[in-house]
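Reckoned from all heavy atoms, side chains included, excluding hydrogens, waters and symmetry mates.
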Amino acid sequence: MKKWLIAVLALALAAGYAQVNFPSEGDLDGNIEELWDDNHDQAAVKEKVRVVIPPRYALHLTEDEWNLNLNNPPEAPGPYTFNPQNPQPPAEGCYLVPKAVKTPSDLISYALNGGVFRPIGAYPAAKDYNNDGKLSDDEKGTLICVNHKVLQKFSNDPDGWQLSVSVTGTPASGFGYFGLADLINQVPMGGFYTNSLPYGPAVVAQRSGPTGGWLDDLIIEAFWFDGSELDGTYTLDVTFTLAGL
């Protein structure tokens with residue numbers, strides 16, 4: 001019996017050595033692969049790892065409503081003057097710009113030339129800032145109300161991404177002007193303004209390659225009320241869309 005057992009073990013070992021063809025690489029077929037050298041002083045195994053990463057686009061908006069009631073406009077915390085050496089957007093709240101600033105294009109020129117946005121909490125925009133009992137031309141004009149929110153976006157598309165915005169709502173006009181600007185790390189990427197709906201989609205930011213994780217955009221929204229707007233209640237739906245290039 002003992003001789004038979006020894007013979008069986010010897011045959012099994014011999015068969016094992018004859019069948020093992022030690023490969024240089026592992027595979028994904030579920031078999032265990034082994035390597036060793038003739039000197040029997042080391043051993044190594046290799047593993048292949050397969051990872052599947054699906055394409056992903058994701059958006060998160062830190063604020064999904066802006067309720068602006070001109071019965072009590074929110075006054076900005078202080079005056080604003082654009083500084084090209086430190087280009088920050090105006091703080092949230094409402095401002096007065098003089099009546100000489102008649103169009104959104106005039107507003108851009110006014111800001112770039114050092115014009116002052118004065119805080120105000122009244123509609124229509126008029127305030128006796130120097131308390132002399134009368135309103136000079138720079139103490140009455142257009143009401144501009146500003147709101148900030150952060151749009152957080154994610155894309156792993158190697159070809160790049162673009163962010164577009166469309167605006168719908170009712171009524172389709174009469175609300176003055178609505179404007180939007182996109183900033184990344186305080187750098188303006190794009191924007192638009194409109195006084196009628198529907199509008200867009202308008203591309204406000206884009207880049208090649210992935211976002212590199214979650215990339216935050218500062219979204220500046222503003223309304224311009226110069227007296228051409230009509231009384232009523234308006235609802236604007238702003239839709240942000242992130243897509244590949």
Side-chain angles (χ1 to χ4, degrees), residues 62-63 65-150 165 167 169-183 186-197 199 202 204 218-236 238:
T62 59
E63 178 183 281
E65 285 188 355
W66 179 22
N67 295 308
L68 179 61
N69 187 339
L70 296 190
N71 286 307
N72 185 26
E75 184 170 341
Y80 169 77
T81 303
F82 177 75
N83 180 359
Q85 305 303 319
N86 184 25
Q88 302 290 324
E92 288 189 324
C94 295
Y95 300 87
L96 179 149
V97 296
K99 69 175 187 178
V101 181
K102 296 184 179 300
T103 67
S105 296
D106 290 344
L107 179 67
I108 295 173
S109 297
Y110 179 75
L112 293 178
N113 286 285
V116 179
F117 293 56
R118 289 177 161 182
I120 191 170
Y123 172 77
K127 184 176 180 179
D128 183 10
Y129 287 98
N130 58 12
N131 296 311
D132 65 355
K134 58 184 179 181
L135 294 174
S136 60
D137 283 348
D138 64 349
E139 293 178 324
K140 56 189 176 184
T142 294
L143 179 71
I144 297 173
C145 295
V146 176
N147 187 58
H148 295 185
K149 52 182 58 74
V150 175
V165 180
V167 188
T170 53
S173 61
F175 51 81
Y177 280 91
F178 173 76
L180 182 147
D182 183 296
L183 292 83
Q186 300 301 328
V187 177
M189 304 301 294
F192 62 86
Y193 60 86
T194 183
N195 63 355
S196 63
L197 303 175
Y199 181 87
V204 296
L218 176 61
I219 303 297
I220 308 295
E221 294 175 340
F223 276 101
W224 159 286
F225 304 110
D226 61 3
S228 63
E229 64 279 356
L230 305 176
D231 68 318
T233 299
Y234 298 83
T235 301
L236 277 64
V238 183

Cut-off 3.5 Å, no hydrogens considered: what does the side-chain donor-acceptor table look like for residues 107-115, sequence neighbours left out?
unit_1: Y110; atom_1: OH; unit_2: V116; atom_2: N; d: 3.1
unit_1: Y110; atom_1: OH; unit_2: V116; atom_2: O; d: 2.8
unit_1: N113; atom_1: ND2; unit_2: S109; atom_2: O; d: 2.7

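- Looking only at distances, no side-chain donor or acceptor of Y177 sits under 3.5 Å from a matching main-chain atom of Y193.
- In this structure the side chain of E75 reaches within 4.5 angstrom of the side chain of K127, judged on heavy atoms.
- Proximity of N69 to N67: side-chain heavy atoms (C-beta onward) are nowhere separated by under 4.5 Å.
- In this structure, F223 has its ring center closer than 6.0 angstrom to the ring center of W66.
- Residues P89 and Q186 meet the side-chain proximity criterion, which asks for heavy atoms closer than 4.5 Å.
- Remark: D128 CG to K140 NZ distance equals 11.5 Å, nearest 0.5 Å.
- Residues V101 and T142 have side chains not in contact (no heavy-atom distance under 4.5 Å, counting atoms from C-beta outward).
- Counting heavy atoms from C-beta outward, D182 and I219 have side chains that approach closer than 4.5 Å.
- Shortest non-hydrogen contact noted between F178 and V238 is CZ-CG2, 4.0 Å.
- Between the CD1 atom in I120 and the OH atom in Y129 there is a gap of 4.0 Å [rounded to 0.5 Å].
- Side-chain contact between P90 and F117: absent, with no pair of heavy atoms (C-beta onward) separated by less than 4.5 Å.
- Between the CD atom in E229 and the CG atom in L143 there is a gap of 8.5 Å [rounded to 0.5 Å].
- The two residues A76 and P119 make their nearest non-hydrogen contact at O-CB, 3.3 Å.
- Closest of all the heavy-atom pairs between P74 and L68 is CD-CD1, 3.8 Å.
- Looking at every heavy atom in both residues, H148 comes nearest to E63 through O-OE2, 3.9 Å.
- For the atom pair CZ of F175 and CZ of F225, the computed distance is 9.5 Å after rounding to the nearest 0.5 Å.
- L236 CG to T194 OG1: the interatomic distance, rounded to the nearest 0.5 Å, is 9.0 Å.
- For K99 and D137, the salt-bridge test passes: some basic side-chain N is under 4.0 Å from an acidic carboxylate O.
- Separating the CG atom in L218 from the CE atom in M189 is a distance of 12.5 Å, to the nearest 0.5 Å.
- Contact detail for F192 and A202: the closest heavy-atom pair is CD2-CB, 4.1 Å.
- Considering all non-hydrogen atoms of both residues, K134 and E139 come closest at O-OE1, 3.2 Å.
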